[in-house]
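So that the names make sense, note that chain A is the first sequence line, chain B the second, and so on, each numbered from 1. Below, each value reflects all heavy atoms present in this structure, side chains not excepted, and no hydrogens, waters or symmetry copies.
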There are 2 protein chains.
Amino acid sequence: MNIDELAFDRNGLIPAIVQDERTGEVLMLAYMNRESIRKTIETKETWFYSRSRKELWNKGATSGNRQIVKRLSVDCDQDSLLLQVEPAGPACHTGETTCFHTNGFEERKSVRGVVHEVVDEIKDRRAN
Amino acid sequence: MNIDELAFDRNGLIPAIVQDERTGEVLMLAYMNRESIRKTIETKETWFYSRSRKELWNKGATSGNRQIVKRLSVDCDQDSLLLQVEPAGPACHTGETTCFHTNGFEERKSVRGVVHEVVDEIKDRRAN
């Protein structure tokens, strides 16, 4: 992958999907610029560009919930990235594992979701 | 989920991640507007807005590789969507299962990736 060949938008940004490498769960979507991509590859931790604060941020630098990058892929149009990571904690600022925790609609509960719920239930029973 | 509460960008679009519901593989990222979200929920098939052609498109309408939507989630900022689908065929126009088939870097081959390779190899040997 050549960073200069990526199709950045007019603000110099590209969307980056973050996925848990182990569970396959999609954790969040954030934006990267050239510098944050370079820092991500260099440090093997996720760096993004905050559109509201207009600055780079290293995910987990304050919360401790860092994301160790195992793999970075680019799509066929070179206008979006996929980062497969090992997360040290929840991706969402609400404490949820994933930022995608609000359902728009659901035909049926996914097997993936049921497995996670069973694991949580077992952990909960062990702990309490 | 209230469509009117979603944080669309200045062009009235929101990025939508498409994931295979069964394998967990991230297939593509495309953009939706209000109308394509409504049509997706109504038809349970993915509809996107093409930024280049400036029109709605129903994924698979010509190729047959439709994506049946099992679940739609919205993230905590309400500025991106996750669609978990049952794909009828490859997501990518190149014939690859996923559009994210180009590696930027890889620390080690993911277990997920190895499993898919083994399955492909078995299918290939059976067929040839």
Asker: Please check if A:V26 and B:L29 belong to a single hydrophobic cluster, counting links between Ile, Leu, Val, Met, Phe, Trp and Tyr side chain heavy atoms closer than 4.5 Å.
Answerer: yes
Asker: Applying a criterion of heavy atom separation less than 4.5 Å, what residues of residues 3-14 of chain B form contacts with chain A?
Answerer: B:R10
Asker: So which atom in A:C76 and which in B:H93 form the shortest heavy-atom distance, rounded to 0.1 Å?
Answerer: SG-CE1, 3.8 Å
Asker: Which one, B:I68, B:T94, B:L81, B:N2, leads in non-hydrogen pairs under 4.5 Å with chain A?
Answerer: B:L81
Asker: Are B:D75 and A:M28 packed together at the side-chain level, in the sense that at least one heavy-atom pair is separated by less than 4.5 angstrom?
Answerer: no
Asker: Taking all non-hydrogen atoms of both residues into account, name the closest pair between B:S73 and A:F100 and its distance.
Answerer: CB-O, 3.9 Å
Asker: Measure the shortest side-chain to side-chain distance between A:R71 and B:N103 over non-hydrogen atoms and say whether it is less than 4.5 angstrom.
Answerer: yes
Asker: Run the numbers on A:T98 and B:L82 for side chain to side chain contact (heavy atoms under 4.5 Å, CB included), then give the verdict.
Answerer: CA-CA 11 Å; A:T98 171; B:L82 173 64; 5.8 Å; no
Asker: Non-hydrogen contacts under 4.5 angstrom with chain A: give the residues of residues 31-59 of chain B involved, or none if there are none.
Answerer: B:Y31, B:I41, B:K44, B:R51
Asker: Same hydrophobic cluster for B:V74 and B:V69, using side-chain heavy-atom links shorter than 4.5 Å among ILVMFWY?
Answerer: yes
